[in-house]
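Have a look at the structure below before the remarks.
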Amino acid sequence: MWKMIDITGKPFGRLVAIKPVGKNKSNSTLWLCKCSCGNMPIIDGRQLRDGITKSCGCIKHDILMERNTKHGMAKTRFYKIWKGMVARCNRKQDHLYGGRGITYCERWKEFLNFKEYMYESYQKHVEEFGERDTTLDRIDVNGN
């Protein structure tokens with residue numbers, strides 16, 4: 001007969017073992033755990049001790065998000081302003097921009113280059129006039 005190893009209160013990655021709640025088919029102790037995200041999964045004690053399970057599964061989500069996030073600004077007004085500029089200038093049907101040949105500099109095709117050049121002045125303008133009144137305008141309406 002195996003002796004249960006008491007891991008109550010011990011951390012395992014994002015998990016903390018709370019209490020044993022039973023055994024699985026292999027006679028390994030199952031533990032109720034609390035994950036740092038708030039979930040309360042039941043995990044095999046061996047998987048906790050061997051470092052196989054480190055979260056309720058939320059860590060996979062976070063890793064995927066980090067891997068797929070280039071700049072973390074996709075939902076910001078600043079990013080939407082850039083996307084709008086790109087769309088207007090690339091759309092030949094837009095008679096105010098792309099249809100008239102209005103373009104933007106080659107470097108600004110990459111959002112991070114646009115951000116590097118414009119973000120500081122955008123933030124200053126937002127501080128002074130508010131986000132709603134901060135827009136992207138051309139100095140010369142007939143120029144790029």
Side-chain angles (χ1 to χ4, degrees), residues 4-26 28-144:
M4 181 188 81
I5 299 170
D6 188 7
I7 57 173
T8 304
K10 293 191 177 169
F12 299 92
R14 295 183 177 189
L15 298 168
V16 174
I18 304 297
K19 66 180 182 179
V21 292
K23 299 216 177 253
N24 64 12
K25 293 176 185 173
S26 304
S28 180
T29 304
L30 297 172
W31 286 83
L32 175 65
C33 298
K34 177 152 182 145
C35 187
S36 61
C37 74
N39 285 336
M40 302 283 286
I42 295 174
I43 310 290
D44 182 317
R46 277 192 210 133
Q47 290 183 343
L48 289 169
R49 291 189 311 275
D50 293 346
I52 296 167
T53 304
K54 298 176 183 175
S55 78
C56 67
C58 64
I59 199 167
K60 289 178 187 176
H61 176 266
D62 291 351
I63 290 169
L64 278 174
M65 287 299 290
E66 188 176 309
R67 197 176 292 156
N68 292 325
T69 301
K70 292 181 180 180
H71 47 72
M73 295 190 74
K75 295 185 179 186
T76 65
R77 181 163 165 34
F78 182 76
Y79 181 76
K80 290 173 186 171
I81 287 171
W82 173 79
K83 286 289 279 188
M85 174 200 66
V86 170
R88 286 189 301 276
C89 291
N90 290 344
R91 195 172 37 244
K92 298 300 175 203
Q93 304 91 314
D94 190 319
H95 67 281
L96 296 177
Y97 293 87
R100 290 197 313 139
I102 303 295
T103 62
Y104 50 93
C105 74
E106 186 71 24
R107 283 186 41 81
W108 284 10
K109 286 184 178 182
E110 291 292 325
F111 172 72
L112 291 177
N113 292 334
F114 174 77
K115 180 184 174 197
E116 179 183 324
Y117 188 80
M118 295 295 290
Y119 196 59
E120 189 176 325
S121 63
Y122 171 82
Q123 287 180 307
K124 285 179 184 175
H125 197 278
V126 166
E127 280 180 31
E128 189 172 344
F129 300 100
E131 194 167 47
R132 200 172 125 230
D133 293 324
T134 300
T135 61
L136 182 65
D137 289 319
R138 297 186 319 267
I139 294 170
D140 174 5
V141 296
N142 294 311
N144 295 328

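If you're wondering where the values come from, they're calculated on a predicted model, not measured in any experiment.
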- Message: Looking at Glu110, I want to see if its CD is surrounded by more than 12 non-hydrogen atoms of other residues, nucleotides or ligands under 6.0 Å.
- Response: no

- Message: Strictly distance-based, threshold 3.5 Å: is any side-chain N or O of Asp6 a donor or acceptor partner for the main-chain N or O of Thr8?
- Response: yes

- Item | From Thr29, Leu30, Ile5, residue fulfilling side-chain contact (heavy atoms from CB on, under 4.5 Å) relative to Pro20 | Thr29

- Minimum side-chain heavy-atom gap Arg100-Asn142 below 4.5 Å: yes

- Query: Could you go step by step and tell me if Arg138 and Ile102 meet the side chain to side chain contact (heavy atoms under 4.5 Å, CB included) rule?
  - Reply: CA-CA 10 Å; Arg138 297 186 319 267; Ile102 303 295; 3.9 Å; yes

- Note on the structure: Nearest heavy-atom approach of Glu131 to Arg77 is O-NE, 2.9 Å

- Query: Glu127 and Tyr122: side-chain donor and acceptor closer than 3.5 Å?
  - Reply: no

- Note on the structure: Shortest non-hydrogen pair, Ala17 vs Trp31, comes out as CB-CE3, 3.9 Å

- Message: What's the separation between atom CE in Met4 and atom NZ in Lys23, rounded to the nearest 0.5 Å?
- Response: 7.5 Å

- In Å and rounded to the nearest 0.5 Å, what is the CD to OG1 distance from Glu128 to Thr134? 9.0 Å

- Do Lys34 and Met40 come close enough that some side-chain heavy atom pair is under 4.5 Å? yes

- Item | Test salt bridge (charged side-chain N to carboxylate O under 4.0 Å, His left out) applied to Lys109 - qualifying residues, sequence neighbours left out | Glu106

- Item | Rounded distance [0.5 Å steps], CZ in Phe114 versus CZ in Phe111 | 7.0 Å

- Message: Rounded to the nearest 0.5 Å, what separates atom NZ in Lys115 from atom CE in Met73?
- Response: 5.0 Å

- Message: Can you tell me how far apart CE (Met85) and OG1 (Thr103) are? Round to the nearest 0.5 Å.
- Response: 10.0 Å

- Message: I'd like to know whether Cys35 forms a side chain to side chain contact (heavy atoms under 4.5 Å, CB included) with Cys58, so could you lay out the CA-CA distance, the side-chain angles of the two residues, the decisive distance to 0.1 Å, and finally the verdict.
- Response: CA-CA 9 Å; Cys35 187; Cys58 64; 3.6 Å; yes

- Item | Note, Leu96 side chain near Arg88 side chain (heavy atom, < 4.5 Å) | no

- Task: Under the salt bridge (charged side-chain N to carboxylate O under 4.0 Å, His left out) rule, what do Asp44 and Lys25 come out as? Steps first, then yes or no, please.
- Result: CA-CA 11 Å; Asp44 182 317; Lys25 293 176 185 173; over 6 Å; no

- By salt bridge (charged side-chain N to carboxylate O under 4.0 Å, His left out), Asp94 pairs with (sequence neighbours left out) Arg91

- Do His125 and Thr135 come within less than 4.5 Å of each other through their side chains, counting heavy atoms only? no

- Message: Just verifying a value: how many Å separate Ile52 CD1 and Gln47 CD, rounded to the nearest 0.5 Å?
- Response: 5.5 Å

- Query: Should the ring pair Tyr79 and Trp82 be called parallel, tilted or perpendicular, given that the plane angle runs from 0 to 90° and is split at 30 and 60?
  - Reply: tilted

- Query: What do the steps show when you test Tyr97 against Asn90 for side chain to side chain contact (heavy atoms under 4.5 Å, CB included), and what is the final call?
  - Reply: CA-CA 8 Å; Tyr97 293 87; Asn90 290 344; over 6 Å; no

- Heavy-atom closest pair, residues Cys33 and Leu15: CB-CD2, 4.1 Å

- Query: With a 4.5 Å heavy-atom cut-off, do Leu136 and Tyr104 have their side chains touching?
  - Reply: no

- Dump the intermediate steps for side chain to side chain contact (heavy atoms under 4.5 Å, CB included) on Met118 and Phe78, then the final yes or no. CA-CA 9 Å; Met118 295 295 290; Phe78 182 76; 4.1 Å; yes

- Message: What I'd like to find out is whether the side chain of Arg49 reaches to under 4.5 Å of the side chain of Lys10, using heavy atoms alone.
- Response: no

- Message: Measuring only between side-chain heavy atoms, which start at C-beta, is Ser55 closer than 4.5 Å to Cys37?
- Response: no

- Task: Would you check, one step at a time, whether the test salt bridge (charged side-chain N to carboxylate O under 4.0 Å, His left out) holds for Glu120 with Lys124?
- Result: CA-CA 6 Å; Glu120 189 176 325; Lys124 285 179 184 175; 3.4 Å; yes

- Message: Looking at every heavy atom in both Arg46 and Ser26, which two are closest together, and how far apart are they?
- Response: NH2-O, 3.9 Å

